[in-house]
There are 2 protein chains.
Amino acid sequence: MNILDDRKAAILKAIVRDYVSEGEPVGSKRLTDSMKLGVSSATVRADMAALEDAGFIAQPHTSAGRVPTDLGYRYFVDALGQTEEPTAEQRAAIEALLLGAGDLEDLLRRTSSVLSRLTRFAALVVAPRLDRSRLRHVELVHLGPHSVLAVLIADTGRVDKRMLDLDKPVSETDVHRARHVVNEAVSGLGLRHAADVVAGVAAGAPEELEGLLDAVAGTITRGVTDAGAGDQVFLGGTVNIVAGGYFERLEQVKQVYETIEEQVVVLKMLRDTLESGDPAVKIGTELPLVELAACSVVAATYETGGGSGGSLGVLGPTRMDYPRTLAAVQAVASSLERALGELVG
Amino acid sequence: MNILDDRKAAILKAIVRDYVSEGEPVGSKRLTDSMKLGVSSATVRADMAALEDAGFIAQPHTSAGRVPTDLGYRYFVDALGQTEEPTAEQRAAIEALLLGAGDLEDLLRRTSSVLSRLTRFAALVVAPRLDRSRLRHVELVHLGPHSVLAVLIADTGRVDKRMLDLDKPVSETDVHRARHVVNEAVSGLGLRHAADVVAGVAAGAPEELEGLLDAVAGTITRGVTDAGAGDQVFLGGTVNIVAGGYFERLEQVKQVYETIEEQVVVLKMLRDTLESGDPAVKIGTELPLVELAACSVVAATYETGGGSGGSLGVLGPTRMDYPRTLAAVQAVASSLERALGELVG
DNA sequence: TGTTGGCACTCTGGTCGGATGACTGCTAGC
DNA sequence: GCTAGCAGTCATCCGACCAGAGTGCCAACA
């Protein structure tokens, strides 16, 4: 990827750094002042013209300095060596998260809060995937003849509940019996396996339980296959989208908000992003959604003891401090792994 | 409260209506044109001066028209007769909510979505209070020797989970036994009663179960007493705070966001608001939080079959269409009651 | 060939003054 | 108690103007 000679690369990096910290298009003079390249501003100008031709930077208008394009940020990110270490301040903030988290949900909520405060961007935290967890217990609650609530409890502490679709009314005792049968069968199994097992049990069960057991099998299957249907997303610090002052047009801000209010979209975004690595960065138009063309996503995964994992990330403007954000996201991900270990152990 | 003569009252109402719909300070000329009072603008001016003296309206600057104060809105709201009927469009939107809600959480999430779309304000929906629900089942899950997860399932379909505080490690079989004992004792009881019963059972239980049962009693008690600790709030349409364009200063918007990201605050706000009636309106400085001095809250309660209830409302600018908002909030509340009935029945 | 200094040009952003228009408060008269 | 008219105030809009920042290009130089 080294299509740029050393000086051009240095200039591009300097432009990115300057623009990220100052927020204003950066010109050749400004650049020669702050860098010690030993060349004049005219030379830098020539290089900048070349960088613009190559698509790494752009000019908002004729007499303005240059601004990095998505491609420019991409080059910058790819050229990063190892990511920064989190600062002491960051560490302290994250440690505060470790203490006092009650349950899994609480922990994930805190995580999204810490992540957003650390980065000053909107934070996205996705709960550990259910389909790779093991079932601890399945509770069936008879709310009415046509409504039975299934509560799936995973070894990660995650609790998932959903109503069963029932054709025929069921009695409270049948629900009790089904509950017993199901728990005998599935305890400790992974979700994929559990669904099959329950389906098998249903086939051989007394008639009055069959429909109920089928519904349970169905609901477990849905937990595995439905992309995002059962996944929980914890959003934090969405204020930052507007408070940061990165966007000029209100319309943009509105679009971003509307987009991330959709869980499914957020999940897909994180999943897409993480396909390219871990941690991963998607910049502007690299994101699958045109509404987010002015945004970047920095994401990472975290693992739980049981082998199931989740993901987390932040959504901010393309004009973000990528090294710092990467460091923060990674630090939070690893702290979350530790906290999860403590919570369950 | 009728300190205003008929004409002054009519003028005040006209000012409120005009300002709400147009968003600009309204002057005497404009008013005489749109109203048919049979008096001249000079007369209206005199009345407006009186209204300003009385504190109902104010002038942003000398040569501008008048804007209602919080007190002015208050008069307007108090003087409203019965609230409007929801429009056909509103009804249709709400009906869409009734269909296809999976479980309680899903239903409440949809409710907040519908409410915000209907009113174009931020919507707040609080889950049915646990302390007035009846317990259907208590599940104890042994995640590790020091961590046991308690899952409380109420007859409303609400599921509440929390980690138990344990002094001593417990074995998986003890958890099983405790689970059995607890469910024998509490099924069908209200939460207040259940806590006492479990505490009683704990006192007479074998030593190895006592700590565990005490912890369960404690966690149930917390469900009753902790203001908001176990209460869930579903926020929806928070975009509208910024998208509406009601606030000039970005700082204000930021404050509002930060305030409502705190569950506890939202809960307290709704509770305070509903102390003054149902449905209830709190305008600007009537709200307990200075940060929300530019906002109003319109709230109502909803009841579930079992006698426990929750509350919902919207948060918008003081410059809101109160009749329309009141109608929408009430319509959503009653639709939610129906939907809850269907979900559980 | 790459680098440099210089120059003309362009475009934005801020400031200033004047014209405009929407109000109000006041007063004299009906 | 109501009205018409008048003088005064203030925000807003608009065009003009200027300073500043930055560019592209060109000729000269190593």
S.K.: Let me have the donor-acceptor pairs involving side chains of residues 46-53 of chain B, under 3.5 Å, with sequence neighbours excluded, atom names and distances please.
M.R.:
unit_1 : atom_1 : unit_2 : atom_2 : d
B/D47  : OD1    : B/R7   : NH2    : 3.4
B/D47  : OD2    : B/R7   : NE     : 2.7
B/D47  : OD2    : B/R7   : NH2    : 3.0
B/E52  : OE1    : B/R66  : NE     : 2.8
B/E52  : OE1    : B/R66  : NH2    : 2.8

S.K.: So does B/R30 get a side-chain nitrogen or oxygen closer than 4.0 Å to the phosphate oxygens (OP1/OP2) of C/dT24?
M.R.: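 Checking C/dT24 against B/R30, no side-chain N or O comes under 4.0 Å of OP1 or OP2.
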S.K.: Between B/D70 and B/R74, is a salt bridge (Lys or Arg N to Asp or Glu O under 4.0 Å) present by the stated rule, with each step listed?
M.R.: CA-CA 6 Å; B/D70 291 351; B/R74 167 54 56 202; over 6 Å; no
S.K.: Before giving the answer on salt bridge (Lys or Arg N to Asp or Glu O under 4.0 Å), spell out for B/D5 and B/K8 the whole-Å C-alpha distance, their side-chain angles and the decisive distance to 0.1 Å.
M.R.: CA-CA 5 Å; B/D5 62 48; B/K8 287 202 184 64; 3.0 Å; yes
S.K.: Check each residue of residues 39-46 of chain A for a non-hydrogen atom within less than 4.0 Å of any atom in DNA chain D, then write out the ones that pass by number, or none.
M.R.: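 Heavy-atom contacts with DNA chain D come from A/R45.
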S.K.: Rounded to whole angstroms, how far apart are CG on A/D5 and P on C/dT1?
M.R.: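 Answer to the nearest Å: 16 Å.
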S.K.: Once you measure the plane-to-plane angle for A/F121 and A/Y246, does it fall in the parallel (<30°), tilted (30-60°) or perpendicular (>60°) bin?
M.R.: tilted
S.K.: Under a criterion of less than 4.0 angstrom to any heavy atom of chain B, what are the 5'-terminal and 3'-terminal contacting nucleotides of DNA chain D?
M.R.: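 Contact span on the strand: D/dC2 to D/dA11.
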S.K.: Is any side-chain heavy atom of B/I11 closer than 4.5 Å to one of B/V44?
M.R.: yes
S.K.: Expected output is a numbered-order residue list: members of residues 12-25 of chain A with a heavy atom under 4.0 Å from any atom of DNA chain D. What is it?
M.R.: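 Residues of residues 12-25 of chain A that come under 4.0 Å of DNA chain D do not exist, since none gets that close.
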S.K.: Using 0.5 Å steps for rounding, measure from the CZ atom of A/F247 to the CZ atom of A/R319.
M.R.: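 Rounded to the nearest 0.5 Å, the CZ-CZ separation comes out at 10.5 Å.
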S.K.: Once rounded to the nearest 0.5 Å, what's the spacing between atom OG1 of A/T273 and atom CZ of A/R271?
M.R.: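 Rounded to the nearest 0.5 Å, the OG1-CZ separation comes to 11.0 Å.
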S.K.: Which value, rounded to the nearest 0.5 Å, describes the distance between B/Y322 atom OH and B/L80 atom CG?
M.R.: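 With rounding to 0.5 Å, OH (B/Y322) is 10.5 Å from CG (B/L80).
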S.K.: Rounded to the nearest angstrom, tell me the gap between atom NZ in A/K8 and atom C1' in C/dT3.
M.R.: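 Whole-Å distance recorded here is 13 Å.
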S.K.: Quick one: does A/V256's side chain get under 4.5 Å of A/C295's, heavy atoms only?
M.R.: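 Yes; the side chains approach each other to less than 4.5 Å.
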S.K.: Could you pull out all residues at least two apart from B/E258 that satisfy side-chain contact (heavy atoms from CB on, under 4.5 Å)?
M.R.: A/V239, B/K254
S.K.: About how many Å separate OG1 of A/T238 and CD of A/E261, when rounded to the nearest 0.5 Å?
M.R.: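 Atom-to-atom, A/E261:CD and A/T238:OG1 are 8.5 Å apart.
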S.K.: Working to the nearest 0.5 angstrom, can you tell me the gap between A/S276 OG and A/E286 CD?
M.R.: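 Going from the OG atom of A/S276 to the CD atom of A/E286 covers 8.0 Å.
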S.K.: To the nearest Å, give me how far apart CD (B/Q59) and P (C/dA22) are.
M.R.: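 Rounded to whole Å, this separation is 16 Å.
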S.K.: What's the verdict on salt bridge (Lys or Arg N to Asp or Glu O under 4.0 Å) for A/D18 and A/R30, showing C-alpha distance, side-chain angles and the deciding distance?
M.R.: CA-CA 9 Å; A/D18 192 286; A/R30 197 187 162 73; 3.1 Å; yes
S.K.: Report yes if a side-chain nitrogen or oxygen of B/S28 is closer than 4.0 Å to either non-bridging phosphate oxygen (OP1 or OP2) of C/dT24; otherwise report no.
M.R.: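 Yes.
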S.K.: Got a list of protein N/O to nucleotides 10-15 of chain C N/O distances below 3.5 Å?
M.R.:
unit_1 : atom_1 : unit_2 : atom_2 : d
C/dC11 : O2     : A/S63  : OG     : 2.8

